Structure formats: structure tokens, C-alpha cells
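Following: one structure in C-alpha cells, then a few remarks.
Only heavy atoms go into these numbers, but all of them, side chains included; no hydrogens, no water, no symmetry mates. For clarity, every value in this text was computed on a predicted model and none was experimentally measured. Note that ligands are numbered from 1 as they come in the structure, with each ligand's atoms numbered from 1 the same way.
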Amino acid sequence: MGNDGVPTIPHWVDGKRWDGESDRFGTVTNPATGAVTGRVPLASTHDVDTVVQRARAAFLEWRDVPLNRRGRILFAFRELLEARAGELARVITAEHGKVVTDAAGEVSRGAEVVEFACGIPHLLAGRHSHEVATGIDVWSSRQPVGVAAGITPFNFPAMVPLWMYPIAIACGNAFVCKPSERDPSPSLLVAEMWADAGLPDGVFSVVQGDAEAVDALCTHPHVAAVSFVGSTPVARHVYETAASAGKRVQALGGAKNHMIVLPDADLDLAADAAVSAGYGSAGERCMAISVVVAVGTIGDDLVARIRDRAQGLSIGDGADEGNEMGPLVTAAHRDRVVGYVATGVAEGADLVLDGRDLHVDGRDGGFWLGPCLFDRVEPAMTIYREEIFGPVLCVVRAESYGDAIGLVNDNPYGNGVAIFTRDGGAARRFENEIEAGMVGVNVPIPVPMAYYSFGGWGQSLFGDTHVHGTEGVNFYTRGKVVTARWEDPANRGPDLGFPTNR
Ligand code: NAD
């Protein structure tokens, strides 16, 4: 607790809370009220070293814990996550602002990765080749890398770390989580659950902080692997810093996701999807739809349907049930998004719905912005080119399927994309031609299940490996192949010839 009565949201090291030694702090607010609810220590390089050293010591023992015992701890963690899901969702809403049903949804999707990781004995099974040459067998195994760091964004404070640590830990690594300093509490709650599930101290740690902590993790000699999710400039920085320090890195960046609506689509379904995917979580999702491409002559009709639906959304404090959209995460971010709306108007886009005057009764200090809808957006405009990360949907008109696909493939990002159509042939051609990592056919937010892997193309990913699923297992392990000869004593004697595998 600080002198001002504001609670400190500390690190988690060696199975307990730790305030660290840094004298720098960040401020945590409730986005619906604007009230300061916590202060978070911003770890120094020295603090990070303390955490990583403990994690390294824990790793050296954890890697030898048998697979079935690791599995039992994962099952116990899964039970605790389910039992405390409501509490976790409320903590997310209090710092992030998203509505509590949405927060519960992210916990539930994250828990699916734990369920996947519970199958770790099967996932780590290697291959065995008997008698590849006389008396020689060969087998492969996958072994943990050591200490893995996860650096995560504000927008999914539970789910994005859950993409990483269940698999990293199941594979025998220690994991250091560096959550966003804007919503640091969910990771602490999760740390308590790991401890209650029986995970040995030090295998899961939380270090709170900002760029200094990130750079310290990316260059620490005992960090072997870095998973990052956040904006593209920071993803590129993390990739370059950690890779040049010899780490394996997966760095997922920003997005500009398009939804193409073909003239034959069910326009009601398409409008429902555009509103859900564009304004859900106030547009603060890396898989949010930010551009709707209306193909042919459907533009006016589609825009009217989207506008009518968006106008009817109930916006308010995410903690109050019944609200569909909450505030933005901070005042600075709200102001940045409002700035984009002004730029869109100045550059000549048609602002069909303007959410800037939104007033929420009794919540004057909140970081509010209602749904904004732009029509007739052109590819050269700033609101088309840059990631806005707020409740701002842009409609671009395209004459043909070819124009629409060209638009998407020219975009530097390649995270998610969707097509809405009733034409199976067009959809099949689309999923083949489109250059993006996650493709939806009549599904606006095609987030892969835990047993597939999540990741984009282009500037949405730096590195080669997507997160979770089998790519996650590969990322958090190194392959080893053993070639062994147990010679039959009857064949003893030196042989100076070249091995011929006979
Ligand atoms: P951010 O890049 O500002 O922060 C992400 C993390 O990096 C945080 O932990 C933060 O402390 C740290 N960080 C911030 N600035 C840094 C710097 N200069 N040097 C080193 N570390 C730094 O992202 P955000 O605002 O928290 O999250 C929103 C962004 O994340 C959006 O761009 C969104 O598209 C992206 N995102 C991508 C995915 C994906 O799967 N591709 C998923 C979720 C969010």
C-alpha cells in the first residue's frame, strides 16, 4: 500500500508477492470511472535478474519432474481456473474496462490451452526407429529450453499469457510473465492459482514493468525463449533485441483485419458480424474487424444495416451486466483513437456514426468513445493505413472480388481476415489466395482452437512460430536425436571401415 492508500500490485517471485527494489511505479486506473486503483512497480534490470535467477533454479528441478506429475498439476490448475473464472473476469474488467461477459470469454478461451497442455505426455512423445543398422537404434525426444519469458499486451490480460505458459510449463520450462503495466492484476491471481495447484515455487513468476523490464528479459543470459504479443513496432524491437542476444523469439504484432462482403452474402448476418467484430471489446482486439470491404453495389445497404445495429448498442461500465461495450483502456488511448476520428473526417471519409459525444450517466471520469462508422474510406487515408485499436469501423467500396482481394493482400499486416458469401467456390478460392494467417469463412473473428496455432503473416508476426498448439510445443522445446549401439557381444572387435548401415 502506498502512502496515498492506493494498493501496490507487486511481482510474484518464488511462490510469493514481492515489491521489488525499483523506485519507479506505474498507475493503474478503472477505465469506467477514471479512478486510480493501484500502483505497479516498474522492474529495474536488477529486479528482472532476481526473478530470472530464481526461475532458472526452479527450472533445473522442474525439468526432471515426471510427465504424469506435471499433468496432474495442470489438471489441478485447470480446475482452479474454472472455479475462480468469475473472480478473474471481474479483475480483468476493473483494469481493462471490457464487459464482464467478454472477460469471462477470454478466460474460457485461455483455459482451452490448459486443456491442450494437459495432454503433455502425448505431445512430447518422440519417435523410435529400431535396428537402423546392426545393433543400432535411433530415437528423438523434445527437451525444455530453460527459462521462457512472455511479454503480453493490455487487451487480453488473461488469455494472451494463457496462450503461452500452460505449454511452456508443461514442457518442463520455467516461465516469467511480464504483463502489461496497464492491467497487471490478472497475472497475479493466476500466480496464486498455480501455487494452489501445487506448482513448485519459481516455475511461474510475474515481473511487472515497462520497456526496461522487457529489454532486460530480452537480453538476460538465462532467458532462452521470448514470446511477445503487442504492437508491431515493439514486436519488431523485441524480435531484433532478443534474436541478436541468441534467444528463440516469436513476436506477434498489430493488425488491420478486413472483412470482405460479396454481393451474394446474407447482409443481415454480415452486418451482425461486422458490429460484433468491430465494436466488441471496444475494438481493442487484435482480431477485431477494422475494415469492411463492400463488393459491388451493396455498399449503401450494408452501411445502413451496420449503422442501425451499432446505434443500438448499450455502452456503459463493463462491470454492470447487460452492457455490450465498455470504455477504452486509458484516457491517453481514448484520446489517440478520437484523434484518428478527427483525421478521418479531415481526410474526407464519410463519418456515418460519430461516437465522440457519448455520455455515460454517473461515469463522467470514464474513458468513453461510442461506436464510430466511416464510409467511403480510401486506401491512402490514415484511418485505413494505421491500426486504430478502438471502436472505429471503416467501410471501403470495391468494384470486384479481385479488387477486394488485392486490397487485403497489399496490406502490410496479415493477422485475420474474413469473407462473407453464399458461394462455396468463391470462398474456397479466397482461403487459398488470401495472404493472412487466420481466415474466416462467414466467421468474422477466426481465432484458432487451442490445438491449432495462432498467428499472423507479414507485420503481424516476427519469427517463424505461431503460438499454442503443436507449434507452441515445438517453440518451448528443443529436439534431440539419440543414436545408440548396444553391440551383441558375439560381434566384438574393432572395425576401421566407414559405417555403412548394414
Ligand atoms: P504494446 O506494444 O504497447 O505493449 C505490449 C507489451 O510491450 C507490454 O507488456 C508493454 O509493457 C511492452 N512495451 C511497450 N512499449 C515498449 C517498448 N518501447 N519497449 C519494450 N517493451 C515495450 O501493446 P498494447 O498497447 O499493450 O496492446 C495492443 C497491441 O497489441 C495492438 O497493436 C494489438 O494489435 C496487439 N495485439 C496483437 C495480438 C496478436 O496476436 N497479433 C494479440 C493481442 C494484441
Next on the checklist: With heavy-atom distances below 4.0 Å as the criterion, list the atoms of ligand 1 near Asn155.
Outcome noted: 43 (C), 44 (C)
Checklist entry - Is any N or O atom of Phe389, backbone or side chain, closer than 3.5 Å to an N or O atom of ligand 1? => result no
Checklist outcome for this item: The protein heavy atom nearest to atom 22 (C) of ligand 1 is Val234 CG1, 3.4 Å
Checklist entry - When the ring planes of Phe462 and Tyr239 are compared, do they come out parallel, tilted or perpendicular, using 30° and 60° as the limits? => result tilted
Item to check | For Trp163, atoms of ligand 1 separated by under 4.0 Å from a heavy atom | outcome: 40 (O)
Item to check | Side chain, backbone, both or neither: the part of Glu181 lying under 4.0 Å from ligand 1 by heavy atom | outcome: side chain
Item to check | Protein heavy atom at shortest distance from atom 40 (O) of ligand 1 | outcome: Phe454 CE2, 3.0 Å
Checklist outcome for this item: Tested for salt bridge (Lys or Arg N to Asp or Glu O under 4.0 Å) against Arg54, the lone hit among Asp201, Asp47, Asp49, Asp14 is Asp14
Checklist entry - Salt bridge check: are Lys178 and Asp210 linked by an N-O gap of less than 4.0 Å? => result no
Checklist outcome for this item: Candidates Cys177, Pro157, Cys286; heavy atom nearest atom 39 (C) of ligand 1 found on Cys286
Item to check | For Asn415, the ligand 1 atoms whose distance to one of its heavy atoms is below 4.0 Å | outcome: 41 (N)
Checklist entry - Above 12 or not: heavy atoms from other molecules or residues under 6.0 Å from CZ of Phe25? => result yes
Checklist entry - Taking heavy atoms and a distance under 4.0 Å, where does Phe228 meet ligand 1: side chain, backbone, both or neither? => result side chain
Checklist entry - Phe154 and His96: aromatic ring centres closer than 6.0 Å? => result yes
Item to check | Selection from Gly230, Ser231, Ala211, Ser290 by shortest heavy-atom distance to atom 2 (O) of ligand 1 | outcome: Ser231
Next on the checklist: Within ligand 1, which atoms have a heavy atom of Lys178 less than 4.0 Å away?
Outcome noted: 8 (C), 9 (O), 10 (C), 11 (O)
Next on the checklist: For Phe175 and Phe204, take the angle between the two ring planes, folded into 0 to 90°, and tell me which bin it lands in: parallel under 30, tilted 30 to 60, perpendicular over 60.
Outcome noted: parallel
Checklist entry - Which heavy atom in Ala288 sits nearest to a heavy atom in Gly283, and how many Å separate them? => result CB-O, 3.9 Å
Next on the checklist: Is atom 25 (O) of ligand 1 touching the protein, meaning some protein heavy atom lies under 4.0 Å away?
Outcome noted: yes
Item to check | Glu471 and Thr465 side chains, donor-acceptor separation under 3.5 Å | outcome: no
Next on the checklist: So for ligand 1, is Thr232 a polar contact partner (N or O within less than 3.5 Å, distance only)?
Outcome noted: no
Checklist entry - Taking N or O atoms only and a 3.5 Å limit, does Ser460 qualify as a polar contact for ligand 1? => result no
Item to check | Salt bridge flag under 4.0 Å for residues Arg17 and Glu192 | outcome: yes
Item to check | Nearest candidate to atom 37 (C) of ligand 1, where distance is taken over non-hydrogen atoms, out of Gly253, Gly254, Ala255, Ala213 | outcome: Gly253
Next on the checklist: Can you tell me how the ring of His11 sits relative to the ring of Trp18, calling it parallel under 30°, perpendicular over 60° and tilted otherwise?
Outcome noted: tilted
Checklist entry - Do we see a donor-acceptor contact under 3.5 Å between the side chains of Glu386 and Tyr340? => result yes
Checklist entry - Who gets closest to atom 27 (O) of ligand 1 by heavy atom: Pro153, Cys218, Gly456? => result Pro153
Checklist entry - Which ligand 1 atoms are under 4.0 Å away from a heavy-atom of Arg182? => result 3 (O), 24 (P), 25 (O), 26 (O)
Checklist entry - Which bit of Glu387 is near ligand 1, meaning a heavy atom under 4.0 Å away: side chain, backbone, both or neither? => result side chain
